[in-house]
Trainee: 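Can you read through this structure? Questions will come right after.
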Amino acid sequence: MSAPRFFFATSRRARVRDAALGPMAAWLDADPHRGRPLPADRPGLVLDGRGLCLHAPGRKAQLWHPGLAHRRLQLAVDPLVRVLDLRPGDRVLDGTLGFGHDALVLAAAGADVLALEVFAPLLAFTLAGLSGYHPAGRRIHARRADHADFLAAQPDGAFDHVYLDPMFPPAEAGVSNTWSALRTFALGPRLPPAVLRDALRVARRTLVVKLAPGEPPPALPGAPGATVEGSKRVHYGVWRVANRAPDAA
Ligand SMILES: C[S@@+](CC[C@H](N)C(=O)[O-])C[C@H]1O[C@@H](n2cnc3c(N)ncnc32)[C@H](O)[C@@H]1O
């Protein structure tokens with residue numbers, strides 16, 4: 001399976017000149033779509049009178065929303081913040097931005113977050129949503145990149161923590177959500193060993209991988225095993241890095 005091509009469309013209420021559609025779509029690395037109906041078999045981004053709307057096959061179109069991050073921001077200590085033993089000013093690489101919920105929780109806890117997202121339309125959707133929702137959202141630095149390429153180019157210990165939340169494998173996905181709709185367009189193996197090995201090398205203190213319910217942490221030959229930590233509801237595979245020279249970045 002190959003990565004999806006998003007479409008990009010506007011509605012009349014967005015008041016975008018027809019001539020601007022092509023350049024905007026090109027900037028988003030998406031295919032411009034004029035007129036209706038909208039494609040039902042591929043993901044897309046639509047700029048309408050309310051803002052950017054995400055379309056995923058088989059799902060209702062959605063505006064960005066904070067989801068559970070809304071409640072997580074009110075917790076004394078969020079499970080992910082606890083697992084990372086996060087200190088204000090820690091540099092975190094979030095290799096899978098998605099809707100930015102985890103990145104937002106980490107930024108609100110004082111982390112300096114750089115987040116990567118492989119799909120430009122999702123990056124635009126999430127950055128627009130985050131910036132209007134919470135002041136910490138404006139402190140998240142994000143860019144379009146494949147985390148495999150980005151990690152391979154980083155020096156050892158470049159970030160205090162590396163966090164990866166890949167889409168769950170279909171068999172373990174459980175409830176249907178936007179990710180399950182997007183997952184039908186697989187990006188390839190979930191977390192190839194080479195990516196994990198680079199992530200561990202780039203993490204100065206902690207590598208954390210979000211796990212599907214009941215999923216064991218991925219094996220990393222030659223590296224110490226991960227512990228499973230988190231809460232009753234959410235599980236993380238955690239590798240704590242010992243004896244890395246400080247601030248190799
Ligand atoms: C399950 S979502 C992450 C959800 C996110 N943690 C949150 O709190 O909203 C996974 C995201 O990672 C992105 N992704 C998948 N493979 C990637 C890669 N190789 N590099 C960068 N982003 C990737 C997907 O497009 C998707 O947006």
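Start at 1 and go down the list; that is how both ligands and their atoms are numbered. Hydrogens, waters and symmetry mates play no part in the numbers below; they use all other heavy atoms, side chains included.
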Trainee: For ligand 1, which atoms have a heavy atom of Phe119 less than 4.0 angstrom away?
Mentor: 25 (O)
Trainee: Is there a donor-acceptor pair closer than 3.5 Å between any side-chain N or O of Arg13 and the backbone N or O of Asp48?
Mentor: no
Trainee: Suppose we screen for side-chain hydrogen bond (donor to acceptor under 3.5 Å, both in side chains). Which residues come up paired with Thr206, at least two apart in sequence or across chains?
Mentor: His161
Trainee: Can Glu215 and Lys210 be counted as an ion pair, charged N to O under 4.0 angstrom?
Mentor: no
Trainee: Out of curiosity, His101 NE2 to Leu106 CG, how far, rounded to the nearest 0.5 Å?
Mentor: 13.0 Å
Trainee: Which of the numbered atoms in ligand 1 are below 4.0 angstrom from a heavy atom of Gly100?
Mentor: 7 (C), 9 (O)
Trainee: Looking only at N/O atoms, are Ala148 and ligand 1 under 3.5 Å apart anywhere?
Mentor: no
Trainee: Mark up the atoms of ligand 1 that fall under 4.0 Å of a heavy atom belonging to Asp146, in ascending order.
Mentor: 18 (C), 19 (N), 20 (N)
Trainee: For Asp94, is at least one N or O under 3.5 Å away from an N or O on ligand 1?
Mentor: no
Trainee: Side chain or backbone of Glu117 under 4.0 Å from ligand 1, or both, or neither, by non-hydrogen atoms?
Mentor: both
Trainee: Quick check: does Tyr163 get an N/O under 3.5 Å from an N/O on ligand 1?
Mentor: no
Trainee: Is the distance between the ring centroids of Phe99 and Phe125 under 6.0 Å?
Mentor: yes
Trainee: To the nearest 0.5 angstrom, please state how far the CG atom of Leu123 sits from the CZ atom of Arg144.
Mentor: 8.5 Å
Trainee: Would you call Arg5-Asp31 a salt bridge at under 4.0 Å N-O?
Mentor: yes
Trainee: Does an N or O anywhere in Phe99 fall below 3.5 Å from an N or O of ligand 1?
Mentor: yes
Trainee: Determine whether the side chain, the backbone, both or neither of Ala145 has a heavy atom under 4.0 Å from any heavy atom of ligand 1.
Mentor: backbone
Trainee: Can you find a non-hydrogen atom of Leu97 under 4.0 Å from ligand 1?
Mentor: yes
Trainee: Just which atoms of ligand 1 are under 4.0 Å from any heavy atom in Leu122?
Mentor: 25 (O), 27 (O)
Trainee: Atoms of ligand 1 less than 4.0 Å from Met167 heavy atoms?
Mentor: 24 (C), 25 (O), 26 (C)
Trainee: Strictly below 4.0 Å, N to O, side chains only: are Asp198 and Arg201 in salt-bridge contact?
Mentor: yes
